[in-house]
2 protein chains.
Amino acid sequence: MGGRGIGEVLQLLQAEFADVTISKIRFLEAEGLVTPARTASGYRKFSAADLDRLRYVLTAQRDQYLPLKVIKEHLGAIDRGLQPAAAGPPVAPSSLPQTPGQPVPEDFGATGTELRLTRDELRAAAGVPSELLDELESHGLVVASGNHYGGDAIVIAQVAAELAAYGLEPRHLRAFRTAADREVGLIEQVTGPRRTEQTGELAALTVRLHTALVRSRLPRS
Amino acid sequence: MGGRGIGEVLQLLQAEFADVTISKIRFLEAEGLVTPARTASGYRKFSAADLDRLRYVLTAQRDQYLPLKVIKEHLGAIDRGLQPAAAGPPVAPSSLPQTPGQPVPEDFGATGTELRLTRDELRAAAGVPSELLDELESHGLVVASGNHYGGDAIVIAQVAAELAAYGLEPRHLRAFRTAADREVGLIEQVTGPRRTEQTGELAALTVRLHTALVRSRLPRS
DNA sequence: CTCAACCCTCGACCAGCGGTTGAGGTCCGT
DNA sequence: ACGGACCTCAACCGCTGGTCGAGGGTTGAG
């Protein structure tokens with residue numbers, strides 16, 4: 001109930017972030033990125049929320065190379081109820097609503113305003129040729145609902161383009177679609193077909209599982 | 001069509017990037033981010049493509065806080081055939097940066113010293129009961145090589161424990177194992193069975209694809 | 001030919017970021 | 001009352017991303 005000591009926190013985080021240390025956690029507090037409670041005698045006590053904050057910081061650092069100064073601003077924005085408004089890649093004059101700067105890789109929370117892109121906007125935002133989009137659609141990797149696409153389609157298209165450079169074309173990626181469908185199906189089995197509080201949490205967990213599994217099966221150096 | 005001298009380049013870029021200097025441009029060359037041609041007497045001559053490259057670098061630095069090392073990798077990726085806008089007509093200076101996609105979300109680089117845990121260490125680190133570990137092993141989600149486990153097993157076990165709280169038990173998770181295996185199989189088809197430079201890059205991409213696909217298929221709020 | 005403006009290299013130096021280390025001391029469970 | 005976990009504070013450190021200056025060629029206008 002009372003929160004965790006710094007040693008325990010270290011254990012928890014080290015599974016996910018190899019280079020975290022006690023001194024780093026203390027440093028992050030000194031920089032104002034977390035503010036754990038203290039016991040009467042001065043020991044830090046980390047709540048679950050503090051842990052989430054730490055995970056946020058470590059993830060942003062590792063995956064987005066953001067400087068602490070910027071991460072701190074994002075956290076501040078979150079605290080104030082805003083969304084981080086990550087300055088994504090500069091958008092061309094054909095300005096769209098906003099490219100989703102992916103605040104946090106594993107944030108599956110409901111985004112208040114879901115992006116709705118026309119096909120042209122999607123193409124421009126992802127910077128991919130129209131044919132690639134066609135192929136992706138024909139294999140069910142990108143789907144339009146009505147005549148617009150969600151923000152995830154940008155990421156999908158961009159990644160597909162990068163994979164194409166390795167010789168992996170959309171048709172090779174069908175299995176990913178299947179796997180994702182099954183995964184979502186499993187989640188819906190638990191939470192029901194409507195989006196609930198749990199949906200995002202579960203998705204974050206299963207994606208984390210997936211990532212760890214892939215990593216664990218990769219050939220070792 | 002001789003290209004521009006460094007002073008001229010400076011003028012052009014300073015309109016857009018306040019803090020660019022001659023020495024910075026030279027520094028970027030020294031770091032291998034641009035490779036301008038040289039005149040017989042050694043003067044640098046920047047082509048339009050070199051200018052685009054510089055703009056790309058400066059934009060990525062300013063707007064996405066990317067370290068030069070990462071920017072260099074992105075440029076390398078573009079050079080290796082991914083050039084939706086890179087080789088196209090240099091439109092607006094800011095149109096370039098959107099192509100390479102977001103930074104790699106997960107680090108799949110080879111870790112110098114791979115963790116080797118005994119079963120007890122794993123259990124302790126993940127904080128899960130032994131039975132869960134048994135089940136995970138029997139379904140192939142966690143595998144020992146020899147008599148030790150890798151660091152990813154910690155994450156796998158922890159996530160499995162959290163999922164169990166939602167009623168998802170190891171046997172429900174077999175599909176994840178299969179999906180991960182297939183994913184790694186695909187990667188190895190490209191890179192061969194040994195770990196190479198590309199292995200990690202590719203894994204990061206496929207995991208990113210997977211994540212985006214799941215997200216895109218989750219029920220909307 | 002000469003002069004100013006421009007450009008070159010190379011090595012030394014530097015500031016800030018993101019921590020690490022260690023000394024010296026307190027707190028807590030057994 | 002002991003060992004291990006925790007505390008603070010100041011000094012130190014390695015890396016990144018440059019800057020600066022000395023010493024010296026190149027170019028082009030006059």
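Naming convention: chains lettered A, B, ... in sequence-line order (proteins, then strands); numbering from 1 in each chain. This structure is a prediction, so every number in the text was calculated from the model and none was measured.
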Grab the [atom1]-[atom2] distance between [X] and [N] for me, whole Å please.
{"X": "I25(B)", "N": "dT19(D)", "atom1": "CD1", "atom2": "C1'", "answer": "14 Å"}
{"X": "I71(B)", "N": "dG17(D)", "atom1": "CD1", "atom2": "P", "answer": "8 Å"}
{"X": "K24(B)", "N": "dT16(D)", "atom1": "NZ", "atom2": "C1'", "answer": "12 Å"}
{"X": "K69(A)", "N": "dG16(C)", "atom1": "NZ", "atom2": "C1'", "answer": "9 Å"}
{"X": "R62(A)", "N": "dG19(C)", "atom1": "CZ", "atom2": "C1'", "answer": "18 Å"}
{"X": "Y65(A)", "N": "dG17(D)", "atom1": "OH", "atom2": "P", "answer": "12 Å"}
{"X": "E8(A)", "N": "dA5(D)", "atom1": "CD", "atom2": "P", "answer": "13 Å"}
{"X": "L66(A)", "N": "dG18(C)", "atom1": "CG", "atom2": "C1'", "answer": "15 Å"}

Phosphate oxygens OP1/OP2 of [N]: is one of them under 4.0 Å from a side-chain N or O of [X]?
{"X": "Q61(A)", "N": "dG19(C)", "answer": "yes"}
{"X": "T21(B)", "N": "dT19(D)", "answer": "yes"}
{"X": "S23(B)", "N": "dG18(D)", "answer": "no"}

Salt bridge flag under 4.0 Å for residues K24(B) and D19(B): yes
Any Lys/Arg nitrogen of D50(A) or R53(A) sitting under 4.0 Å from an Asp/Glu carboxylate oxygen of the other?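 No, this pair does not count.
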Do H172(A) and Q189(B) pass the side chain to side chain donor-acceptor pair (under 3.5 Å) test, and can you show the C-alpha distance, the side-chain angles, and the key distance before you say yes or no? CA-CA 11 Å; H172(A) 299 116; Q189(B) 236 170 274; over 6 Å; no
Select from T39(A) and F27(A) the residue whose nearest nucleotide in DNA chain C is closer to the 5' end of that strand. F27(A)
Give every pair of a protein N or O atom and an N or O atom of nucleotides 8-12 of chain C that lie under 3.5 Å apart, one pair per line with the distance.
unit_1, atom_1, unit_2, atom_2, d
dC8(C), OP1, R44(B), N, 2.7
dC8(C), OP1, R44(B), NH1, 2.8
dC8(C), OP2, R26(B), NH1, 2.7
dC8(C), OP2, R44(B), NH1, 3.0
dC8(C), O5', R44(B), NH1, 3.3
dC8(C), O3', R38(B), NH1, 3.4
dT9(C), OP1, R38(B), NH1, 3.2
dT9(C), OP1, R38(B), NH2, 3.3
dT9(C), OP2, R44(B), NH1, 3.3
dT9(C), OP2, R44(B), NH2, 2.7

If you look at every heavy atom in [X] and [Y], which pair is closest and at what distance?
{"X": "I156(A)", "Y": "L141(A)", "answer": "CD1-O, 3.7 Å"}
{"X": "L117(A)", "Y": "L122(A)", "answer": "CB-N, 4.2 Å"}
{"X": "P170(B)", "Y": "L132(B)", "answer": "CG-CD1, 3.7 Å"}

How about K72(A): does its NZ atom have over 12 heavy atoms from other parts shown lying under 6.0 Å from it? no
Which one is paired to dG30(D), where only Watson-Crick or G-U wobble pairs with both distances under 3.5 angstrom count? dC1(C)
